[in-house]
Amino acid sequence: MILNKSNEVFEFEGKKFKIGDEVIVNSVDADYEGLIGVITEIRDGEDKETDNETPDIYCNFFEPVIPAEIDQLEKRFSAIFQEPRKLEDINLDQVIMAPEMIDVIAELEKETAGKIVYTITDDWAAHGEHDTTVEVRSNLRSAKVCMREMIRKAVKYGGVFEHRGEECFVEDTSEMTYHAYIEGFDESTHYWVCIQEKQIR
């Protein structure tokens, strides 16, 4: 059996592999570990090219872009062939993988339990300078404490708060946000902080 048409599905031991799926090589295959690629073909039975008991899954891998990953890949293949190998010398197309060597990225994301976290972002501008800071907390109560600490520090620093009490000074507040600015000069003189709920995997 040969599958090579887009979206054709092959199931093996409860795992589904689809032509066109993006996959990542896991630690079972030390040679290509960490590479990301696309399934282009699946062969089973008499159509296999290998003697493996499992199906042959053909993958085209993307070239790594992080220098450390490139260096690691080159070292692994240099050791395998016992001679120096550069990235351009390493075959990344139509590489045959066993099912246990690869994980479908979309399935990994489904299987990973989601967790709610809260980001607290503050952004300020004053005297020709500006900066943004992001903190993360695991619960809303802690996020609110962090937000109020940020505001207290900002007030102590000065910036837009140097104008507190003046008619041009504006404050907009809610349970999850605080915004102070100079009317008409919000972009250049302001302080803003906001709590946002996010789900991470």
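Note that the coordinates shown come from a computational prediction; the quantities given were computed from them, not determined experimentally.
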Could you tell me whether F17 and F12 have their ring centroids closer than 6.0 angstrom?
no
Using a 6.0 Å cut-off, check whether atom CD of E162 has over 12 heavy atoms from anything other than its own residue.
yes
For a quick check under 3.5 Å, do N139 and Y118 share a side-chain donor-acceptor pair by atom type?
no
Looking at R152 and E149, is any side-chain nitrogen of the basic one under 4.0 Å from a carboxylate oxygen of the acidic one?
yes
Smallest heavy-atom separation, H190 atom then V160 atom, equals C-CG1, 4.0 Å
Can you name the closest pair of heavy atoms from M147 and S174 and give their distance?
CE-O, 4.4 Å
Check whether S78 reaches the backbone of R85 with its side chain - one donor and one acceptor, N or O, closer than 3.5 Å.
yes
Could you state whether I105 and I39 fall into the same hydrophobic cluster, counting links through intermediate Ile, Leu, Val, Met, Phe, Trp or Tyr residues with side-chain heavy atoms under 4.5 angstrom apart?
no
Salt bridge or not between R76 and E74? Use side-chain N to carboxylate O under 4.0 Å.
no
Might you point out which heavy atoms bring D56 and E49 nearest each other, and give the distance in Å?
OD2-N, 3.0 Å
For the pair E46 and K48, find out whether any cationic side-chain nitrogen is under 4.0 Å from an anionic carboxylate oxygen.
no
E11, CD atom: more than 12 neighbouring heavy atoms under 6.0 Å:
yes
Can you tell me how far the CD atom of E88 sits from the CD1 atom of I90, to the nearest 0.5 Å?
8.5 Å
Short N-O contact, E171 and R164, less than 4.0 angstrom:
yes
So, the side chain of E8 versus the backbone of N4: is there a donor-acceptor pair under 3.5 Å, distance only?
yes
Salt-bridge criterion met for D103 and K15 (N-O under 4.0 Å):
yes
Regarding E135 and T119, do their side chains bring together a donor and an acceptor under 3.5 Å, going by distance alone?
no
Please check if the distance between the ring centroids of W192 and Y181 is under 6.0 Å.
no
Identify the heavy atoms of P64 and E69 that sit nearest to each other, and give their distance.
CB-OE1, 3.9 Å
Heavy atoms of A154 and Y191 approach each other most closely as CB-CE1, 3.5 Å
So how far is it from C146 SG to L140 CG, rounded to the nearest 0.5 Å?
12.0 Å
Please determine whether the number of non-hydrogen atoms from other residues, nucleotides or ligands lying under 6.0 Å from atom CD of E83 exceeds 12.
yes
Distance check, rounded to the nearest 0.5 Å: L73 atom CG versus E63 atom CD?
9.5 Å
As an exercise, state the distance from CD1 of I96 to CD1 of I57, rounded to the nearest 0.5 Å.
11.0 Å
Nearest 0.5 angstrom please: E166 CD to I182 CD1, how far?
6.5 Å
For residues E100 and N26, report the shortest heavy-atom separation together with the two atoms involved.
O-ND2, 3.0 Å
Sub-4.5 Å side-chain heavy-atom contact between L92 and L35
yes
Hey, what do you get for OH (Y32) to CE (M101), rounding to the nearest 0.5 Å?
11.0 Å
Is the backbone of K144 close enough, under 3.5 Å, to the side chain of R148 for a donor and an acceptor to pair up by distance?
yes
